[in-house]
Amino acid sequence: MPLRKPDRLSDRTLTVLLAALWLGSSAVLISTWTTSGNRIEPYGQLLGVVFILVLIAWLWKTMATLPDPPFALSIAVPRLGFGQTLIAILGALLLLFLIAFAAHPQLVLVATLTIVSCRLIALHRGAMMRGPIWIGLGVAGLCLLLSYLSGRLNAYMAFYLACIAVLFIGGVILAKGTAAAQVQCAEGKWGKAAAGFLGGCLLALPAALLNVSYGAHSGDAWVDQVWEPLVALVPGIAEETWARLFLLTLLYAVLQPTSPQRPKRALFAAIVIAALVHALAHLPAAMVFSPAALQMGVAAILYGVPMGLIYVRLGFEWAVGYHFFVDFTRFGFALLGQ
């Protein structure tokens, strides 16, 4: 299903611009901490934001095609038009956020998505392989271990991370059924998975430095041991699993049949909605409908949308690496007391 016919010259120019902005924004932002560079920090921040916007444009513009799905997903939804389906999705998500007043939004969302994932797994168990099952259990176990060692494991966190195992398995089914993204580790391609993770880390450098330039690390006083920045693997794996691998792909699976001639429209909507939901889920329920939501909306554009595009354009491991490095840098600066 073609998304667009790439313009090679334009794509090459955009790639060169992206590389120049990556280098320039990183250099300027790094110089603000290695020298008395407070006066140049705003320029570094501006370059960082421009880099992210160009990254979004590059990821979207160089996305050539989505392959035909290898098998049909059994997702029972009413047959509606694109607009009607979009309104129904937004209404369902709003209802979940309203229900979340009795708990934390992320807990309600993840629990609901886990129920959906269980249903998907039951319906498509014939298409499952053992690899994703063991990987899902393994990544959830790693996140549980890191949370425990850092003293951040409680009943909520244990339930949340247990759900991630189920969501990873269901997300792999969705990714295969829609052909929306590559999950290299699920196919046993560990070399490509590792390369993607490291590539995501490298790509994230300007965004990571921009994040700490605005003091994002000021609330991470719990980081007091040299190994604890590695706890960034927990949000990197867990949030990219539920917000991108599962939620984004599920939204695309529901929206794409309503817009078969314009799959790009369905993909765009899925990426943006998943980014907004992911960002707002960080807030306590009472703050979701407050001015604080505007700040999280900006975060969704600068961080969530690129992660969604990276997931679709480059693969799941790239998105995990990108997310991990943003938080790893933040935790590292908290450890150094910057």
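- Under the 6.0 Å cut-off for aromatic ring centres, Phe331 and Trp222 qualify, their centroids lying closer than that.
- Taking both residues in full, the closest heavy atoms of Leu59 and Pro306 are given as CD1-O, 3.9 Å, listed atom of the first, atom of the second, then distance.
- Using a 4.5 Å heavy-atom cutoff, the side chains of Leu17 and Trp58 are not in contact.
- For residues 281-298, every residue pair satisfying the side-chain hydrogen bond (donor to acceptor under 3.5 Å, both in side chains) rule, not counting sequence neighbours, is listed here: Glu239-His282.
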Next item on the list: Run the numbers on Leu255 and Tyr252 for side-chain contact (heavy atoms from CB on, under 4.5 Å), then give the verdict.
Entry: CA-CA 5 Å; Leu255 286 167; Tyr252 177 69; 5.8 Å; no
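- Side chain to side chain, Ser259 and Arg265 meet the donor-acceptor criterion of an N or O pair below 3.5 Å.
- Residues Leu137 and Trp134 form a side-chain contact, since some pair of their non-hydrogen atoms from C-beta on lies under 4.5 Å apart.
- The aromatic rings of His323 and His278 sit tilted relative to each other, their planes meeting at an angle between 30° and 60°.
- Figure legend: Arg313 and Trp318 shown without cation-pi pairing, the cationic atom not lying both under 6.0 angstrom from the six-membered ring centre and within 45 degrees of its axis.
- With sequence neighbours excluded, the residues that form a ring-ring contact (aromatic ring centres under 6.0 Å, His included) with Phe328 are Phe324.
- Gln256 places no side-chain N or O within donor-acceptor distance of the main-chain N or O of Ala253, the cut-off being under 3.5 Å.
- For the pair Leu96 and Val108, the tightest heavy-atom approach, listed with the atom from each and the gap, is O-CG1, 3.7 Å.
- Taking 4.5 Å as the limit, some side-chain heavy atom of Leu210 sits within range of a side-chain heavy atom of Val49.
- Here the straight-line distance linking atom CG of Leu109 with atom CG of Leu280 works out to 9.5 Å at 0.5 Å rounding.
- For the atom pair Ile301 CD1 and Leu276 CG, the distance stands at 7.5 Å (nearest 0.5 Å).
- For Phe268, the CZ atom counts as loosely surrounded, since its 6.0 Å shell holds 12 or fewer non-hydrogen atoms of other residues, nucleotides or ligands.
- In terms of modelled atom types and a separation under 3.5 Å, the side chain of Ser117 and the main chain of Thr114 share no donor-acceptor contact.
- Judged purely by distance below 3.5 Å, without hydrogens or angles, the side chains of Glu41 and Tyr214 never pair a donor atom with an acceptor atom.
- With hydrogens and angles ignored, the 3.5 Å screen pairs no side-chain donor or acceptor of Thr329 with any backbone N or O of Val212.
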Next item on the list: Report the C-alpha distance between Tyr43 and Thr32 in whole Å, list the side-chain angles of each, state the deciding distance to 0.1 Å, and finish with yes or no for side-chain contact (heavy atoms from CB on, under 4.5 Å).
Entry: CA-CA 10 Å; Tyr43 298 103; Thr32 63; over 6 Å; no
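- Heavy atoms of other residues, nucleotides or ligands lying less than 6.0 angstrom from OH of Tyr148 number 12 at most.
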Note to self: If you apply the rule side chain to side chain donor-acceptor pair (under 3.5 Å), what do you find for Glu317 with Tyr311, and how did you get there?
What the structure shows: CA-CA 8 Å; Glu317 291 83 4; Tyr311 163 68; over 6 Å; no
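- Counting heavy-atom neighbours within 6.0 Å of Phe82 CZ, excluding the residue itself, gives a total above 12.
- Remark: side-chain polar atoms of Glu228 are paired, donor with acceptor, to backbone N or O of Gln225 under 3.5 angstrom.
- Between the side chains of Ser213 and Gln45, at least one donor-acceptor pair of N or O atoms lies under 3.5 Å.
- There is a path of hydrophobic side-chain contacts, each under 4.5 Å, that joins Leu202 to Leu55.
- Closest approach of Leu86 to Ala269, counting heavy atoms only: CD1-CB, 4.1 Å.
- A single hydrophobic cluster is seen to contain both Leu283 and Met157, as judged by linkage of ILVMFWY side chains at heavy-atom distances under 4.5 Å, directly or through other members.
- By the salt bridge (charged side-chain N to carboxylate O under 4.0 Å, His left out) test, Lys192 is found to be paired with no residue, residues two or more places apart in sequence or in another chain being considered.
- A continuous path of hydrophobic side-chain contacts links Leu250 to Leu95 [ILVMFWY only; heavy atoms under 4.5 Å].
- We find the NZ-OG1 distance between Lys61 and Thr15 to be 9.0 Å, quoted to the nearest 0.5 Å.
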